[in-house]
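Notes for the one structure printed next.
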Amino acid sequence: MGRLVMKFGGTSVGDVERIRNVARHVEREVKAGNHVAVVVSAMSGTTNQLVEWCRQVAPVHDAREYDAVVATGEQITAGLLAIALQEIGIPARSWAGWQIPIETDGVHGSARMTNINGGEIVKRMEQGQVAVITGFQGLGPDKRITTLGRGGSDTSAVAVAAALSAACDIYTDVDGVYTSDPRIVTAAHKLDRISYEEMLEQASLGAKVLQTRSVELAMVYKVPLQVRSSFEPPDSPNQNKPDGTGPGTIVCQEDSSMEQHVVSGVAYSRDEAKISLRKVKDKPGVSAAIFGPLAEADISVDMIVQNVSADGASTDLTFTLPRKDLRKAIEVLGKVKEQIGFNDSTHSADVAKVSIVGIGMRSHSGVAALMFKTLAEKGINIQAITTSEIKISVLIDEAYTELAVRALHTAYGLDKA
Ligand code: ADP
Ligand code: ASP
Ligand code: MG
């Protein structure tokens, strides 16, 4: 008998009717003979509201209390789903992360799970009871509730699946992973399968369909992972494909067939900002003086462009960082300005990062050239570039994000027929 973790995101549990619909998906899997645990998100919009309330009470607030507030959204859903399951005759019990416990480190607001004690859950699963577990949260070393960062329920689900040696199905408002965000690229098509590596890049480059850390965990613990729709009727014949490919997208180890496509997806992130420092002294130790204090302030810098020094004495340096950290970064740089010795600085939050991803890039040439040509033909200026073995990212003016994503989607032959 198989063990299965089913995760339902915010839109899938957005109101009572949808929670009833979720209960019927769970019923189908239980009746098919699976031992099931469910991981739920807060109802859509709830976490945003809770975050906003914290901000209204105090723009800068205690991270422990932020966690105490924002973790409540998932508790509502877990209880409601347990009731909905009981209503249709499926034995069920809700569990908050701290009750299991799902142990985490002490980084409130963006904690990482360190251990899950799955014993009690397994025992009850084997007795036929469905555990409905709150996503997004755990218990810190200080014995207080922690949360895992926005979108963290995906990661909770994969971690629970790893702890229970179960497969993991992520139910969401789209029927799988697409070649690009279907909300902005209508020509995007669903992938039957995608490799862990490509999914990891897609997620970290902005495709919000899975939280990046969930893909990392699935890859490390070899959790069979599928992204599928909660809106497909629970009793639809599409739910179980006879060839075993699944109705959604399977995220799995790469195989040779996946390399046939040079590019498997186009991702974008509007969550970017850039800072340019002018006339920075061109001498050893300056980069360390800039990026050391930023790292200490927990600001992760992404793209870095340093101009060739014209006079051998000073140079210009541009880098990108998460938009939410822009203000903090400006403060940090202000404090070390003397030491770095730059003339002045400019910053902008009107930038976006657009990326192409594909394992086929390893064995094909000319991939970058096509990207640059496509953007040039649309009159889009590239402000910075980064590459890795299986992705190329460019920084552009935010206003051109959708134009760039759609043009690249077409250029790499990804538009559906
Ligand atoms: P949930 O609330 O279920 O966790 P999310 O909103 O976090 O759902 O993620 C699903 C959304 O991710 C989709 O509605 C879609 O707009 C977006 N998305 C971005 N890129 C992709 C992609 N490549 N494939 C599928 N969905 C994507
Ligand atoms: N409810 C949390 C959020 O909105 C976690 C999640 O949905 O994955 O970020
Ligand atoms: Mg999500």
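Read the numbers this way: they start at 1 and go in the same order the structure lists the ligands and their atoms.
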For a distance cut-off of 3.5 Å, show me each N or O of ligand 1 paired with any protein N or O, plus the separation.
{"unit_1": "ligand 1", "atom_1": "2 (O)", "unit_2": "Gly10", "atom_2": "N", "d": "3.1"}
{"unit_1": "ligand 1", "atom_1": "3 (O)", "unit_2": "Thr172", "atom_2": "OG1", "d": "2.6"}
{"unit_1": "ligand 1", "atom_1": "4 (O)", "unit_2": "Lys7", "atom_2": "NZ", "d": "3.2"}
{"unit_1": "ligand 1", "atom_1": "7 (O)", "unit_2": "Lys208", "atom_2": "O", "d": "3.4"}
{"unit_1": "ligand 1", "atom_1": "8 (O)", "unit_2": "Thr172", "atom_2": "OG1", "d": "3.1"}
{"unit_1": "ligand 1", "atom_1": "14 (O)", "unit_2": "Asp173", "atom_2": "OD1", "d": "2.8"}
{"unit_1": "ligand 1", "atom_1": "14 (O)", "unit_2": "Asp173", "atom_2": "OD2", "d": "3.4"}
{"unit_1": "ligand 1", "atom_1": "14 (O)", "unit_2": "Arg183", "atom_2": "NE", "d": "3.3"}
{"unit_1": "ligand 1", "atom_1": "14 (O)", "unit_2": "Arg183", "atom_2": "NH2", "d": "2.6"}
{"unit_1": "ligand 1", "atom_1": "16 (O)", "unit_2": "Asp181", "atom_2": "OD1", "d": "2.8"}
{"unit_1": "ligand 1", "atom_1": "16 (O)", "unit_2": "Arg183", "atom_2": "NE", "d": "2.7"}
{"unit_1": "ligand 1", "atom_1": "23 (N)", "unit_2": "Tyr178", "atom_2": "O", "d": "3.0"}
{"unit_1": "ligand 1", "atom_1": "24 (N)", "unit_2": "Tyr178", "atom_2": "N", "d": "2.9"}

Would you say Gly151 contacts ligand 2, with heavy atoms under 4.0 Å as the rule?
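Per 4.0 Å heavy-atom rule, Gly151 contacts ligand 2.
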Check if Gly73 has a non-hydrogen atom at a distance under 4.0 Å from any atom of ligand 2.
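Per 4.0 Å heavy-atom rule, Gly73 does not contact ligand 2.
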Short side-chain donor-acceptor distance under 3.5 Å, His108 and Asp142
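Note: Asp142 and His108 side chains meet the donor-acceptor criterion.
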With a 3.5 Å cut-off and no angle check, do the side chains of Asn34 and Arg28 form a donor-acceptor pair?
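Per modelled atom types, Asn34 and Arg28 side chains form no pair under 3.5 Å.
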Please confirm whether the backbone N or O of [Y] pairs with a side-chain atom of [X], one donor and one acceptor, at under 3.5 Å?
{"X": "Arg323", "Y": "Ala349", "value": "yes"}
{"X": "Asp67", "Y": "Thr147", "value": "yes"}
{"X": "Tyr221", "Y": "Ala163", "value": "no"}

Do Ser153 and ligand 2 have an N or O pair less than 3.5 Å apart?
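The answer is yes, given that Ser153 and ligand 2 share an N or O pair closer than 3.5 Å.
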Any N or O of Lys7 closer than 3.5 Å to N or O of ligand 2:
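Looking only at distances, the answer is no, because the N/O contact criterion of under 3.5 Å is not met.
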Can you tell me which residue and heavy atom of the protein come closest to atom 7 (O) of ligand 2, and the distance to 0.1 Å?
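In this structure, atom 7 (O) of ligand 2 has Ser41 OG, 3.1 Å as its nearest protein heavy atom.
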Checking contacts here: is it the side chain or the backbone of Glu74 that comes within 4.0 Å of ligand 2, counting heavy atoms only? Could be both or neither.
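Looking at Glu74 and ligand 2, just side chain atoms fall under 4.0 Å.
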Nearest candidate to atom 4 (O) of ligand 2, where distance is taken over non-hydrogen atoms, out of Lys208, Arg150, Gln137:
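Ranked by closest heavy atom to atom 4 (O) of ligand 2, first place is Arg150.
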Taking all non-hydrogen atoms of both residues into account, name the closest pair between Val354 and Met371 and its distance.
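Closest approach of Val354 to Met371, heavy atoms only: O-CE, 3.7 Å.
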Can you spot which of Met303, Gln383, Lys353 makes a side-chain contact (heavy atoms from CB on, under 4.5 Å) with Lys274?
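Testing Lys274 for a side-chain contact (heavy atoms from CB on, under 4.5 Å) against Met303, Gln383, Lys353 leaves exactly one candidate, Gln383.
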Residue from Ile184, Val405, Val185, Leu205 passing side-chain contact (heavy atoms from CB on, under 4.5 Å) with Val266:
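Going through Ile184, Val405, Val185, Leu205 one by one, the side-chain contact (heavy atoms from CB on, under 4.5 Å) with Val266 is satisfied by Val405 alone.
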Could you tell me whether the side chain of Gln56 reaches within less than 4.5 Å of the side chain of His61, counting heavy atoms only?
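No, too far: nothing below the 4.5 Å cut-off.
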